Amino acid sequence: MEKKFDKIINELSDLSSVGNLYDIDGTRGVYPSSESLQEVMSLLRFLLFPGFYGKSTIEISTLKFHIGVAAEQLFDLLKSQIFSAIHFCSTDKDKSSVKSLSEDIAYSFIAKLPSLRKILSTDVESAYYGDPAAKSFSEIILCYPGFRAIINYRVAHELLKLGVPLMPRMISEMAHSETGIDIHPGATIGSYFTIDHGTGVVIGETTIIGNHVKLYQGVTLGAKSFEVDKDGNPVKNIARHPIIEDNVVIYANATILGRIVIGEGAVIGGNLWVTSDVEKGGKVLQFKPTR
């Protein structure tokens, strides 16, 4: 048995079969830590909605102190994780320049938190006023998986806009694992956004969503097809997902594919496959045959 086990160990240690799909001796650097990113998100949730996340016994007289401590902790964590992401993904391994860049990005991101809180507050309002089962804003913030996924998305999207590689996708996938809602950080989403129930929602990288849009569970905003290069591989960075204009409602399990436009105020019924434009105010519903 020992000889058989040694044979397996030797085969696993031979990396010729996996091409470059490994990282030995730290040649690529240290990638961001999932545990540290969980801590980043915990600090962010506290800073954005104090009292709902983190310590729940904070008084208004000590709020500024607790905010200051959390912001400093966040800055230290962010700059180290951003450093890891950039250093790991870049061919430029000059640590001093990456360190300086990471600090600048971490500060720029923290400076965006007031505006991030403002747009997330619109998402809370939209979920509350759009759901007769919601009893309070607090219930939305504490309980709704759609809102939790939106927090991670908005954080990841801002980091992506600041040029941080890898880390935004890790943050969005944390919410995906927890909620079953998959929002690519590259998607562009306006204010007053609601995902009701949420499980199974997929929003692709180049999707553009306007203001006051509501999605139900199982909605896919995906690509219909991919352009390929001469080797048959998908071409990157092309617009291939839908544009959803303001005040659109998309009901459960609708699948909307390709770079099409769903016009302002349109309603897309459940269990539908949509691959062409829908005009402003249009309704796409299940056809009910007559007998």
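Only a predicted model underlies this, so the values are computations on that prediction, with no experimental measurement involved. Along the sequence shown, residues are numbered consecutively beginning with 1.
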What's the spacing between Leu77 CG and Gln73 CD if we round to 0.5 Å? 8.0 Å
Just wondering, more than 12 heavy atoms not from Gln286 lying within 6.0 Å of its CD? yes
Minimum heavy-atom separation for Arg154 and Ile189, please, with both atom names. NH1-O, 3.1 Å
Measure the shortest side-chain to side-chain distance between Leu47 and Leu74 over non-hydrogen atoms and say whether it is less than 4.5 angstrom. yes
SB check Arg240 Glu227 (cutoff 4.0 Å): no
pair Ile244-Ile250: side-chain heavy atoms closer than 4.5 Å: yes
Under 3.5 Å, side chain of Asn152 to main-chain N/O of Ser172, donor-acceptor pair present? no
Between Phe46 and Tyr53, does a ring-ring contact (aromatic ring centres under 6.0 Å, His included) hold up when you go through it step by step? CA-CA 5 Å; Phe46 166 73; Tyr53 301 106; 9.3 Å; no
Do any pairs count as a side chain to side chain donor-acceptor pair (under 3.5 Å) and have a residue in residues 256-283, sequence neighbours left out, and if so which ones? none
How close do Ile181 and Pro145 get, counting heavy atoms only, and between which atoms? CD1-O, 3.9 Å
Is there a donor-acceptor pair under 3.5 Å between the side chain of Thr122 and the backbone N or O of Tyr192? yes
Check the orientation of Phe83 and His87. Use parallel for under 30°, tilted for 30 to 60°, and perpendicular for over 60°. parallel
Check for a donor-acceptor pair, side chain of Ser100 on one end and backbone N or O of Ser97 on the other, with a separation under 3.5 Å. no
Nearest 0.5 Å please: distance from the CE atom of Met167 over to the CG atom of Leu162. 10.0 Å
Drop me the distance from His212's NE2 to Glu245's CD, to the nearest 0.5 angstrom. 14.5 Å
When you measure from the side chain of Ser33 to the backbone N and O of Glu35, does any donor-acceptor pair fall under 3.5 Å? yes
Could Glu11 and Lys7 be called an ion pair, given the rule that one side-chain N must be under 4.0 Å from one carboxylate O? yes
Under the side chain to side chain contact (heavy atoms under 4.5 Å, CB included) rule, what do Val155 and Val40 come out as? Steps first, then yes or no, please. CA-CA 10 Å; Val155 167; Val40 163; 5.7 Å; no
Donor-acceptor side-chain pairing of Ser191 and Asn211 below 3.5 angstrom: yes
Could you tell me which non-hydrogen atom of Ala71 sits nearest to which non-hydrogen atom of Ile110, and how far apart they are? O-CD1, 4.0 Å
Taking the inter-plane angle between the rings of Phe147 and Phe49 on a 0 to 90° scale, is it parallel (under 30°), tilted (30 to 60°) or perpendicular (over 60°)? perpendicular
Do Tyr129 and Phe137 come within less than 4.5 Å of each other through their side chains, counting heavy atoms only? yes
Look at atom CG of Asn233 and say whether more than 12 heavy atoms of other residues, nucleotides or ligands are closer to it than 6.0 Å. yes
Side chains of Asn253 and Tyr216, donor plus acceptor under 3.5 Å: no
Working to the nearest 0.5 angstrom, can you tell me the gap between Ile183 CD1 and Ile150 CD1? 6.0 Å
Heavy atoms, side chains only, cut-off 4.5 Å: are Ile268 and Val249 in contact? no
Output the distance between atom CD1 (Ile243) and atom CD1 (Ile256), rounded to the nearest 0.5 Å. 12.5 Å
Closest non-hydrogen atom pair between Ala85 and Val164, with its separation: CB-CG1, 4.3 Å
Does Glu205 reach the main-chain N or O of Ala187 with its side chain, forming a donor-acceptor pair under 3.5 Å? no
Inter-residue atom distance Ile140.CD1 - Tyr128.OH, 0.5 Å rounding: 8.5 Å
Testing the basics here: between Thr206 and Ile238, what is the closest heavy-atom pair and its distance to 0.1 Å? CG2-O, 3.5 Å
Apply salt bridge (charged side-chain N to carboxylate O under 4.0 Å, His left out) to Glu178 and list each qualifying residue two or more places apart in sequence or on a separate chain. Arg148
Stepwise side chain to side chain donor-acceptor pair (under 3.5 Å) check, Thr194 with Ser126: CA-CA 6 Å; Thr194 309; Ser126 181; 2.5 Å; yes
